[in-house]
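For clarity, every value in this text was computed on a predicted model and none was experimentally measured.
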Amino acid sequence: MAWTRLIQSARAALGTTHSSSTLGLPRFYSKPATYFMKVGIPEFLGGIGRGAETHIAKIETEIGDLHKLLVTRTLRLKKLGIPCKHRKLILKYGQKYRLGLWKPRADAIKA
């Protein structure tokens, strides 16, 4: 509240009507992230990273498509021989993907 009064009084003293963006306050914009348009198992596991992408071939042959992977439970992933750390990552990001809170980025950094 006090800042707006200070800015308004400064404008009145200068006799100018500038918007708040031209008062010398910097604006920081980051480049928008690029996402995959069509997500499959390779893009999903590659987006997770952290070693989960090593199981792409095994999951594609046994499970098939991404929708089936998203409803797969941990016991089936365990039977496929996927380690606990990677199972947890797949299930965690699968839930986030279903809720729309996460999408694999096209420029994902491989770990």
Side-chain angles (χ1 to χ4, degrees):
M1 191 74 169
W3 282 105
T4 56
R5 287 186 185 160
L6 180 67
I7 291 171
Q8 289 173 352
S9 64
R11 282 186 194 156
L14 294 174
T16 59
T17 56
H18 292 290
S19 66
S20 62
S21 64
T22 59
L23 287 175
L25 301 174
R27 288 191 175 190
F28 297 101
Y29 294 106
S30 62
K31 202 164 106 178
T34 56
Y35 297 101
F36 285 110
M37 295 302 286
K38 185 173 187 290
V39 178
I41 291 176
E43 293 86 10
F44 182 77
L45 294 177
I48 293 173
R50 301 183 197 163
E53 64 272 1
T54 58
H55 307 290
I56 291 173
K58 190 184 312 182
I59 291 175
E60 277 191 322
T61 58
E62 295 294 326
I63 294 178
D65 64 339
L66 182 64
H67 178 69
K68 289 180 183 176
L69 177 63
L70 295 177
V71 296
T72 300
R73 298 191 183 258
T74 188
L75 188 60
R76 183 159 182 209
L77 294 174
K78 185 176 184 177
K79 287 180 182 177
L80 292 176
I82 299 173
C84 180
K85 179 181 176 183
H86 297 156
R87 287 195 308 265
K88 287 171 77 173
L89 286 171
I90 292 168
L91 295 172
K92 178 175 115 177
Y93 283 97
Q95 177 66 14
K96 287 182 178 185
Y97 182 77
R98 273 186 272 151
L99 295 174
L101 300 174
W102 177 83
K103 290 189 283 186
R105 294 173 66 165
D107 58 345
I109 301 169
K110 305 286 186 203

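Summarising the geometry of Pro104 relative to Gly47, their closest heavy-atom pair is CB-CA, 3.9 Å, with the distance given to 0.1 Å.
One finds the CZ atom of Arg50 at 8.0 Å from the NZ atom of Lys85 (value rounded to the nearest 0.5 Å). With values rounded to the nearest 0.5 angstrom, Ile56 atom CD1 is found 8.0 Å from Thr54 atom OG1. Rounding to the nearest 0.5 Å gives a distance of 11.0 Å between CD1 of Ile82 and CG of Leu89. To the nearest 0.5 Å, atoms CG (Leu77) and NZ (Lys88) are separated by 14.0 Å. Atom-to-atom distance recorded for Ile48:CD1 and Glu43:CD is 12.0 Å, nearest 0.5 angstrom. Rounding to the nearest 0.5 Å places NZ of Lys58 at 11.5 Å from CG of Leu45.
Put simply, the side chain of Ile90 does not reach to within 4.5 Å of the side chain of Thr74, judged on heavy atoms. Using a 4.5 Å cut-off on side-chain heavy atoms (C-beta onward), Ile59 and Thr72 make no contact.
Listed by chain and number, the residues in a side-chain contact (heavy atoms from CB on, under 4.5 Å) with Lys68 are Ile63, Asp65 (sequence neighbours excluded). Considering only residues two or more places apart in sequence or on other chains, Leu99 meets the side-chain contact (heavy atoms from CB on, under 4.5 Å) condition with Gln95, Leu101.
Residue pairs meeting the ring-ring contact (aromatic ring centres under 6.0 Å, His included) criterion with at least one partner in residues 72-95, sequence neighbours excluded, are His55-His86, Tyr93-Trp102.
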